[in-house]
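All remarks here apply to the structure that follows.
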2 protein chains.
Amino acid sequence: MSLARDLELRHLTALTAVAETGTFGRAAQRLGYTQSAVSQQIAALERTVGAPLFDRPGGPRPVTLTPLGKILVDHAGAVLERVDAAATDIERFQAGTIGRIDIGTFQSVSTALLPSLLARLRAERPNIEARLVEDDDHEELVRQTIDGHLDVSFLVGDTPADIETIDLIVDPFVVLALPDVVGDDAVPAPLLNDTPLIGEQDSPCQRTVDQGLYAIGVTPDYVFRTSDNSAIAAMVRAGMGMAVVPLLSVELEDPRIAVRHLDPPIPPRRIAIGWRRDRTLSPAAERFIEITREMTAELRDRQLASIA
Amino acid sequence: MSLARDLELRHLTALTAVAETGTFGRAAQRLGYTQSAVSQQIAALERTVGAPLFDRPGGPRPVTLTPLGKILVDHAGAVLERVDAAATDIERFQAGTIGRIDIGTFQSVSTALLPSLLARLRAERPNIEARLVEDDDHEELVRQTIDGHLDVSFLVGDTPADIETIDLIVDPFVVLALPDVVGDDAVPAPLLNDTPLIGEQDSPCQRTVDQGLYAIGVTPDYVFRTSDNSAIAAMVRAGMGMAVVPLLSVELEDPRIAVRHLDPPIPPRRIAIGWRRDRTLSPAAERFIEITREMTAELRDRQLASIA
DNA sequence: ATCAGGCATCAGCTCCACTTATCAACAAGG
DNA sequence: CCTTGTTGATAAGTGGAGCTGATGCCTGAT
């Protein structure tokens, strides 16, 4: 007969119904039961509580709550209200209109992709909360995706088997130069050996660039390094030299800067979005993935159209 | 499958147990069920919610909450906490250590009886809240006792059949006078016809006094009226005249004032405590009634001893 | 490849909760 | 005073829900 053990929500709704209608019969009618059923429910509740909850005056007069009944009704109201809140919350969550998404990302995605993705998500589902964890270390993102800190994460490179991924976009490394020092076609790799270069400060991305250059026989001669992408473009525009950067980080609209492929190319980064395999995603997260696929597909088409 | 309809507390406790232990089996052990039972409970819960709450990786690895499961666990925690609060609250209420008593009273009881009663109640059960409704209209107190606004009420005079009462004390009307103008025995009624009187301002109590005086052949000649009891005593002490007041309102310790019975007496007020018959009283209210009986019994003895 | 640990499923049984029907209590009205 | 209508309680019966115990299947580890 311990209270928390045997208490049932059904009994509490019956209690409030009787308290509000004043008779067992009307309460039963409201709940879709028989009078007998409500009578037994209240009796059961009184048994678990150990004392009467209603005074039954007999005859056609309405029953009234005992002092104990009043107390329990108050609590019942609070409990049922909380349950109701849970119900609507869950409904909305399943409809995808509320929820929280923890997204793993790294710098180029953060600057080039995420703003428009999040803007669209926000426009579509304004009550979804997105949290970003930015880390340029691929392994760290993978780890947090596996242990559940992240719902989804943008990734490059290989991923373990228990991460499921969708390839989004291939981000080639391109050469930024002044239009008059390069032709309309791809830039031949040896040219870079005779040219001062502008680069990022040490970062996983920059290391990928350098390894790629060495692999095609280029020994880069950096005359300037910065962590600011737009500073790189400014340096190139000022004639300081050329730069090898991921296409994603390039503002494509500047006619004073030529964007050219390398020949032979450096292996491009393949950007994907991934999540823990066999873990259920929230509707919100699924929608985010879908939005990401759509918008990167559009971006891919524009990219192909805009580069020589 | 509507949520608020089919949700059961048992399922929620199972949910939190599994979430905390990480496996169905250990959760079952904690709850005193078999693994199969917990499995079925979670399955039932998932059926009412309409989506999985756990990801089961298979093998010896622990199950993990889905995003939906996390949400439901949060709500379950809140609901169960509320239920727990209700349980302890009810337990304490039934033990009589908490609760609220609405007490009906009128002036002479409020000043002469209630302070010590409430002091003792407070000393004994400090967490019981007492609320007073003071009204000198007997009928009003009866009405509020019947409709449930009052748990118990002090009453004088007749009460309807559906009020159950316990007689507490007989409060005689006595004469206040200077010791040297009255003897040691009861004051003969005719004496009052030759004496200026001090009385209360118009009130149900004063009307009872006047009717009583007329009934024994006294036509009162009031030279002063006040609503302040101590002012009446001061006037008598100053030799302005005599007063006829309920004994309860007299501070008995003043040697400069004689307290005498009337001969013949005015019918005294019989003070009782009453409550709605066939309504369950809270343990707190029952204790209050008991305290009142004890202390008024003591008072009665002291009263008998202290008056000629 | 076998083993162990974990959840799902099935069959069976018990017991609970509801319905139907009837009873008892009480108030109101003739 | 008796009748009538309204109310809750109760008994019996039935269907289903929930638990147990056994088994199957999946997965990771030895």
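Under 4.0 angstrom from either OP1 or OP2 of C:dA27 there lies at least one side-chain N or O belonging to A:R61. Between B:R56 and C:dA8 there is a side-chain N or O to OP1 or OP2 distance below 4.0 Å. For the OP1/OP2 pair of D:dC19 and a distance below 4.0 Å, the side-chain nitrogens and oxygens of B:T34 include no atom meeting the criterion.
Straight-line distance from the CG atom of A:D278 to the C1' atom of D:dC26: 12 Å, rounded to whole Å. Note: CZ (A:F24) to C1' (C:dC18) measures 16 Å, nearest angstrom. Rounded to an integer number of Å, the gap from CG of B:D55 to C1' of C:dG6 is 15 Å. Going from atom CZ of A:R26 over to atom P of D:dT6 covers 11 Å, rounded to whole Å. One atom, OH of A:Y33, and another, P of C:dC16, lie 17 Å apart when rounded to the nearest Å. Computed from coordinates, the B:I42 CD1 to C:dG6 C1' distance equals 15 Å when rounded to whole Å. A:L53 has its CG atom 15 Å from the P atom of D:dG8, to the nearest Å. Counting to the nearest Å, the C1' atom of C:dC7 and the CZ atom of B:F54 are 12 Å from each other.
B:S36 contributes a side-chain N or O that forms a donor-acceptor pair with the base of C:dT9 under 3.5 Å. Between the base of D:dT20 and the side chain of B:Q35 there is no donor-acceptor pair shorter than 3.5 Å.
Under the 4.0 Å criterion applied to side-chain N and carboxylate O atoms, A:E290 and A:R287 are not assigned as salt-bridge partners. Comment: A:D278 does not engage A:R276 in a salt bridge, judged by the lack of any side-chain N to carboxylate O separation of less than 4.0 angstrom. With respect to the salt-bridge test (charged N to carboxylate O, under 4.0 angstrom), the residues B:E129 and B:R100 do not qualify.
Nearest nucleotide to the side chain of A:R10, out of C:dA17, D:dA9, C:dC26: C:dA17. Of the candidates D:dG21, D:dG18, D:dG8, the closest approach to any side-chain atom of B:H11 belongs to D:dG18. Taking only side-chain atoms of B:S39, from C-beta outward, the nucleotide of C:dA8, C:dC18, D:dT20 with the closest atom is C:dA8. When each of D:dT27, D:dG18, C:dC7 is scored by its nearest atom to the side-chain atoms of B:T23, the top-ranked nucleotide is C:dC7.
Using a 4.0 Å heavy-atom distance criterion, A:Q40 is classed as a base contact.
B:V152 places none of its side-chain heavy atoms less than 4.5 Å from the side chain of B:T292.
Nearest-nucleotide assignment on DNA chain C puts the 5′-proximal partner with B:G25, out of B:G25 and A:Q41.
Judged by distance alone, the side chains of A:D55 and B:T280 do bring a donor and an acceptor atom under 3.5 Å apart.
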